[in-house]
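Reckoned from all heavy atoms, side chains included, excluding hydrogens, waters and symmetry mates. Each chain gets a letter, A, B and so on, in the order its sequence line appears, and its residues count up from 1.
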Amino acid sequence: MDTFVNLTLNGLATGMMIFLVASGLSLIFGLMGVLNFAHGSIFMAGAYSGVWAYSKTQSFTLALLAGMAVGIVVGYLAELTTVRRVYGKPVAQVLITTGLMLVLNEVLKAVFGPNIIAVSVPPLLAGSWDLGGIIIVKYRIFTIIVGLVVAVAGHFILTRTRIGMIVRAGVQNQEMVQVLAINIRRTFSLVFVSGAALAALGGIMMAPALGAVNPNMGLENQMLAFIVVVIGGMGSFVGSALGGILVGLAGAYTAWVFPEASLAVNVILMAIVLLLKPNGLFGMGGGRNA
Amino acid sequence: MAEPIIRTQDLTIMFGGHTAVDHVNLDIMPNKFVSIIGPNGAGKTTFFNLLSGQFFPTSGRILFKGHDVTDIPAHLRTRLGMGRNFQISNIFPDLTVLENVRLAVQARSGIHYQILRHHRKYSRFSDQAMALLESVKLSGKAAQPSRFLAHGEKRKLEIAIILALEPEVLLLDEPTAGMAVEEVPAILELLARLKTDKRTILLVEHKIDMVMSLSDTLVVLANGRLLAQGNPRQIMENEQVQAAYLGGIAP
Amino acid sequence: MILSLAAVETFIGQFHILQDINLEVPEGGVTVILGRNGAGKTTTLRTIMGLTPPSRGSITYRGKSIKGLPPYAIARKGIGFIPEDQGIFTDLTVEENLLLSTRKKDDETKSRWHMVMDIFPDLKEKLKQKSGGLSGGQKQMLAIARTLLNDNQLLLIDEPSKGLAPIVVARLADVIRELKKHTTVVLVEQNFALALAVGERYIIIDDGSTVKSGVMSELGKNKELQRRYLGITAPSHGGKVV
Amino acid sequence: MPDVSLPTRMHKIRGLLSLPRSSRTVPILLLLILVAVPLITPSRSMLNLLTEIFIMGIFAMSYDILLGYTGIVSFGHALFFGTGAYMTGLIFARTGPKLGYLFLAIGGGILLVTVMALIIGYLSLRLKDVYYAMITLAFAELFFIIAEKWRSVTNGADGFSFNVPAVLQDRVVYYYVSLVLLALIVVFLRRFIESPTGKVLQAIRENEKRAEFLGYDVLKFKLISNVIAGVVASFAGVAWALQQRFVSTGVMTVDKTIDALLMTTIGGTGTLYGALLGSGITGMAKNWLSELAKVHPIFERWYIIFGLLYIGIVLFFPGGILGTLMRIRSTKNKPSVTISAGD
């Protein structure tokens, strides 16, 4: 029973962590339909610059802010220079953002070096509580809280605010939003930059949990994020949160039984969802070729 | 009495709350020229898309030569003998005009998976494709990428492609839409020639005057329902039809 | 003139859709654009709105050029557009669809809101519902209501009667007559009876060019013109006029 | 029937279809030069570099079948390359360097790759472009991790080396072997893209819906494309393993697929030769820039340059180098033709 509770807590924390990475992708891909292959690179940019800021200042708050600031700058530049030119052209999007990924990854290596950099959990969040066999790691609880805050805030912004309304309307019919005197391009830039900021936030949150940052973490996490968005369904922020939890739990339980299979289980989970429900569990738009 | 080649039974499709095609029961007899007419938004193109397999109905059935084809995907309907054109010219833009038609000839021949012989070895495909291009007066442009054709020429190419499929039933959706006025007579003449052949033609058309002399049967749709069918004279005299076209508003 | 187009040409991809569009829309009343399917009526409206920008020619609104402006900037000048498919955001509620149109939160907007609720009582009942569940006619009314919420002085409406039952079309005619009190309307319409019922002036487009314009009541009498450009009557040997 | 006599018509068609002779002279000339290279230069590193360019060129051409001729973006193509490489490595490492086992490696590779391409294709090809791209990435990652974790067989990222048959160890011999392989594959792929099936693939790239309405089963054709591209990639993998005499999980990485993507895009998609050109440019530049890296470490990050070049090409020259050259040539001949910006 204790094992089960521990595994569930682990799974929840991992799930929330994946959701943090996926939330940005959920915005950009799920709502704008742009598959950003550089998402993992922005995530990594956030992680690296956060770790750097942490090592300089010993303040995790500053590290979070620095990571997100870098994410915002990188996202803004990427949108301005390239992504803007390929809205509505899916194949070109994949090709262009792949190029961005290559360039960003190399720039990161040039700036921070190609090696693994160790990072520790900030003292305030380090350690764990032992409740009679149930081990509660503080940083995991912190992750779950941050994940919940992002999920609730994102959901609130999308459903209750004017900007959220514009985004949802834009997903359905961009032209018509323009006709209503709204500058959709600016809205999309804003969404893209927010997505980048969330990716970077995911990066700096993930770094202490992994104990280190490395140049391969981008692509791996981007894939997990994509799996989560597909499972949760395009255009559903809450769906992505639930997808994250599902993937986190499935991973945690399999890791206990058969550690080698934990990634396989995600891919298989996605394959099953796509075969049975091509729109994802909570999705609106379809993944299947019409 | 011959069996109908296409029969629809209570064919219905709904989009959201809107019933675009509403319980249509229609028999189309073989070797006839049938035109479906109706005011804009009557459900003509939707009905057409149901027949060709572009859409699947919410309820009801479609029979082709007595067999239920309601759930059969589009590419298999083509192989069964139903060929259609598209209102928006729908061709392969970067392939040449000849290649566009040849692909259709090849599809008809059943040679789909032949990966090692050069396509030029199949000279009969090219010959047939060329002959078809001659018949729509496009042979002079055979070697051009089809994206460079004028709009009217694309419609002609489109017709050559469908003819290459040698369908028993030819489904034509407004073949003159978007054509320059001077190009229309050539297409009308082509349609008139198709009529003499042994095939069933189903034409969706907005302009009544165009189909009047060509058609054996007119079918009138309005608001998704089958309003009337009969020979052109019967339809002209039908008061319901007149009302539908005038929109039911006192001027 | 509230709107004028001179020698406008528009390409969509390789297609030279609009070849020579010239039109003048005076302030007030309804100007109907008529023409066969594929003649370029919809593209004309979309070109005015900046959705398919023209490659040549001039478009002026109240004497100022709006050619080349992005659609949202054109909309901000007070031009409303209702596309053929109504452009309702079906995943949003009726209220959200309306709110998207309100750019300000001032008293005027509030009074416009009340006015719209008075004109369209059945929308008022469905404010909190997803607009995807509305009937075709209700969607059309919602689309019109949306343009009434701000100070639009020119309204471009593309085939509002399409796919609507005759009784709804009759209601639509009433609403368009009501609209005339507030704005100038440019209407693309295939339903000739509706065009005749609400329009003051007509413009005929054929093959991407404006070929004829004049007073609506005269077109109503001119069967030859109707047959030639609109294809709405039967050939003379075919018996009765349909 | 129109009143044109059959011979006239035949003549017309022949005239329309036969390629200008110049399109064959260039490749044949190039082939002759390449045949002569070992006779001119004794430089082993030059031969090695060219051999690698040939092999990566084969891999890039196989990718062009997917990207340029079928219009699909895969991120899992290295999976097939890796399968060929591992098949070769494992067989030689376990059995010893006999030439006969090479055919076992090739045959086994073909069989395994076909099965994998069919299964993965069946699961993913029905989905939209972007989904397909991401799902192939997921499968590639899955197999990569299997290779990483299955250390008892693969030795993971450290890899393992093996001996190859003596005759293939000679650099000059192997240079010619890979050149012959390249020539054969060029001939095979050219035939494939000009075959009835190949033409259907191009039709699918242009307009999937219309191809379906002609009566073609689009999914089946995409599967064929996937299998052929996969099998050719596995040949490249076999050849690569024979040259390196070493295999590690590096052959399965996404980077390997992205290499093919870069080569194909830079050289020009949908031309086959563009992929070869891309392989040549990347191979040469990689070689030259890593030499420069000894002078200044900033050149270790030479990939940045490629990334930027690649982005520039996707944005401004969608035809790549070869496509753009061909376009310039054809517009010179036909000045009236306007070409719309890529969509």
Side-chain angles (χ1 to χ4, degrees), chain B residues 52-54 73-80 83-86 90-96 98-100 102-104 106-123 125-127 129-135 137 139 142-148 158 161-162 164-165, chain D residues 1-4 6-19 71 187-221 223-225 227-228 270 319 330 334 336-340 342-343:
Chain B
S52 67
Q54 182 100 318
H75 72 270
L76 291 179
R77 290 193 206 191
T78 307
R79 285 198 212 168
L80 286 174
R84 71 161 291 180
N85 77 331
F86 288 82
N90 211 330
I91 49 173
F92 306 115
D94 279 335
L95 301 184
T96 65
L98 182 65
E99 279 173 333
N100 266 278
R102 192 172 50 212
L103 275 161
Q106 182 189 321
R108 177 64 197 161
S109 76
I111 293 184
H112 290 220
Y113 311 114
Q114 174 52 267
I115 60 172
L116 282 181
R117 287 189 69 185
H118 195 285
H119 66 86
R120 265 183 267 160
K121 295 280 193 300
Y122 296 93
S123 58
F125 291 172
S126 302
D127 290 348
M130 205 63 191
L132 285 160
L133 284 178
E134 296 261 1
S135 74
K137 302 197 168 57
S139 52
Q144 282 190 18
S146 57
R147 64 160 68 224
F148 297 134
E158 178 78 9
I161 290 174
I162 317 161
L165 295 171
Chain D
M1 243 334 112
D3 54 350
V4 181
L6 190 68
T8 333
R9 224 166 53 223
M10 294 294 290
H11 181 73
K12 235 186 212 169
I13 294 161
R14 290 281 141 71
L16 289 170
L17 289 176
S18 62
L19 285 164
V187 171
F188 168 74
L189 287 182
R190 282 220 70 89
R191 289 217 127 193
F192 173 59
I193 58 173
E194 292 293 339
S195 75
T197 304
K199 285 288 164 195
V200 177
L201 288 182
Q202 290 160 61
I204 289 170
R205 172 195 71 194
E206 304 268 302
N207 191 336
E208 195 170 321
K209 271 260 100 69
R210 193 66 182 97
E212 198 174 323
F213 275 100
L214 288 185
Y216 292 116
D217 186 338
V218 169
L219 179 65
K220 261 190 203 156
F221 279 92
L223 281 175
I224 290 176
S225 164
V227 168
I228 298 236
S330 75
K334 261 191 254 163
S336 61
V337 167
T338 51
I339 288 155
S340 70
D343 39 338

Item checked: Contact summary for D/E206 and B/L95, nearest pair of heavy atoms -> OE1-N, 3.5 Å
Notebook entry, point to check: To the nearest 0.5 Å, how far apart are CG in B/D94 and CZ in D/R205?
Noted result: 6.0 Å
Item checked: Donor-acceptor pair, side chain of D/N207 and main chain of B/F92, under 3.5 angstrom -> no
Check: To the nearest 0.5 Å, how far apart are CD in D/E212 and CZ in B/R77?
Finding: 11.0 Å
Next item on the list: Using side-chain contact (heavy atoms from CB on, under 4.5 Å) as the criterion, list what pairs up with B/A164, not counting sequence neighbours.
Entry: B/V101, B/A104, B/V105, B/L132
Next item on the list: For B/T96, enumerate each residue passing the side-chain contact (heavy atoms from CB on, under 4.5 Å) test, keeping only those at least two apart in sequence or located in another chain.
Entry: B/L98, B/E99
Notebook entry, point to check: Between B/L165 and chain D, which part of the residue has a heavy atom less than 4.5 Å away: side chain, backbone, both or neither?
Noted result: side chain
